[in-house]
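A short worksheet on the structure shown next.
Each chain gets a letter, A, B and so on, in the order its sequence line appears, and its residues count up from 1. Nothing here was measured: the structure is a model prediction, and the numbers come from that model.
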There are 2 protein chains.
Amino acid sequence: MATQTAAQRREGARAAYDAYLAACPARELLDTISDKWVSLVLNALSDGPLRYSDLGRIIAGVSQKMLTQTLRGMERDGLVSRTVTPSVPVRVDYALTELGRDLQPLMRAIKAWAESHIEQVHSAREAYDTRA
Amino acid sequence: MATQTAAQRREGARAAYDAYLAACPARELLDTISDKWVSLVLNALSDGPLRYSDLGRIIAGVSQKMLTQTLRGMERDGLVSRTVTPSVPVRVDYALTELGRDLQPLMRAIKAWAESHIEQVHSAREAYDTRA
DNA sequence: CAGAATCCCGGAAGATACTG
DNA sequence: CAGTATCTTCCGGGATTCTG
């Protein structure tokens, strides 16, 4: 009998690949910026700092949980800064860091590509869906 | 009593926002290229056409289901072409379309940004994790 | 060889309620 | 005001099995 089943071999390959991918910078970046809330926060803060509640209002559909979770993650990655003003009631401001601002040209490039090619994608989809 | 609860209002806002986002080209693009398997297929095909089984071997950890599903989606979006050669057994080749090749410079830009800034992200994380 | 169909599980995200 | 804590639901993705 085989020392390994096909499933076992694939499992091992998958584990190795996952490890490889986790260490891939491009993957890390894509995982970050493709997050719906991350990109929205990035955009909301592009005009200047905002308070927690302002962000919640501007990004209309977000739940408190996701907003907090998103901001924590972005703070951890060094994309935003969090400033607490210990007044009563408390006031917390969020702002883009230099790294966060560095990211903006790339986001604009992505947006530009999307806008200039979206028509091709849409017509390709239509062709695909109507054929057959 | 209020005509709407807070939850109902948020629900409406979320629905409207989702609709808005679904129509956002940048979001569509990000949702596409941030897919793990999409980016791997894009990369695998950059050197030329490959057969289904070759893709499965090169992208070591992928399951048949995900490979097929990914390729179908990319074909629908006009990123790859699918060519069936009705021999026995069947042979199917996948290749990048012009649109798919157009995407490569952007992918390289993302990769470049990631590689030149990943250190900052990692040290930011370390600082965040080690501080209290 | 290149898929299609089916079952199933873990984890992500929302709703709700509570707090310093 | 700015969160935290908990519960629950939903579905993306893997394993498995079958076929033209």
Rounding to an integer number of Å, can you tell me how far B:L55 CG sits from C:dC1 P? 14 Å

Taking atom C1' of C:dG3 as reference, at what distance in whole Å does atom CG of B:L67 sit? 10 Å

List for me each residue that meets side chain to side chain donor-acceptor pair (under 3.5 Å) alongside B:T68, sequence neighbours excluded, and say none if there are none. B:Y52

Take the protein atom OH of B:Y94 and the nucleotide atom P of C:dA2, then report the distance between them rounded to whole Å. 9 Å

B:R91: what forms a salt bridge (charged side-chain N to carboxylate O under 4.0 Å, His left out) with it, not counting sequence neighbours? B:D93

Could you tell me which residues satisfy salt bridge (charged side-chain N to carboxylate O under 4.0 Å, His left out) with A:D31, sequence neighbours excluded, listed by chain and number? A:R27

Salt bridge (charged side-chain N to carboxylate O under 4.0 Å, His left out) partners of B:R76, counting only residues at least two apart: A:D129

Separation of atom CD in B:Q64 from atom C1' in C:dA5, rounded to whole Å: 12 Å

Between A:S53 and D:dA2, does any side-chain N or O lie under 4.0 Å from OP1 or OP2? yes

Expected rows: protein N/O vs nucleotides 6-13 of chain D N/O, under 3.5 Å:
residue: D:dG13; atom: N7; partner: B:K65; partner atom: NZ; Å: 2.9

Could you tell me how far apart A:D93 (CG) and D:dC1 (P) are, to the nearest whole angstrom? 13 Å

For B:D35, give me all partners under side chain to side chain donor-acceptor pair (under 3.5 Å), at least two apart in sequence or on another chain. none

Quick test of your reading: applying salt bridge (Lys or Arg N to Asp or Glu O under 4.0 Å), list the pairs with at least one residue in residues 41-63 of chain A, sequence neighbours left out, ordered by first then second residue. A:D54-A:R57

Should the pair A:E126-A:R131 be classified as a salt bridge under the 4.0 Å nitrogen-to-oxygen rule? no

Would you say the side chain of A:T83 lies within less than 4.5 Å of the side chain of A:V92, judging by non-hydrogen atoms? no

As a test of your reading of the structure, name each stem of DNA chain D as range with range, where a stem is three or more consecutive Watson-Crick or G-U pairs at under 3.5 Å. C:1-20 with D:1-20

Strand contacts (DNA chain C) in residues 76-88 of chain A, 4.0 angstrom heavy-atom criterion: none

Results of side-chain contact (heavy atoms from CB on, under 4.5 Å) for A:A95 - residues two or more places apart only: A:P49, A:S81

Whichever of A:V90 and A:T68 has its nearest DNA chain D nucleotide further upstream toward 5': A:V90

Keeping to residues at least two apart or across chains, list the salt bridge (Lys or Arg N to Asp or Glu O under 4.0 Å) pairs with something in residues 96-111 of chain B. B:K111-B:E115

side-chain contact (heavy atoms from CB on, under 4.5 Å) with B:L99: which residues, sequence neighbours excluded? A:W113, A:H117, A:Q120, A:V121, B:L79, B:T97

If I take atom NZ in residue A:K36 and atom P in nucleotide C:dA13, what distance separates them, rounded to the nearest angstrom? 10 Å

d(CG, A:L50; C1', D:dA2) in whole Å: 15 Å

Nearest-Å distance, CZ (A:R51) to P (D:dA2)? 5 Å

Quick one: is D:dT4 close enough that its OP1 or OP2 comes under 4.0 Å of any side-chain N or O from A:R72? yes

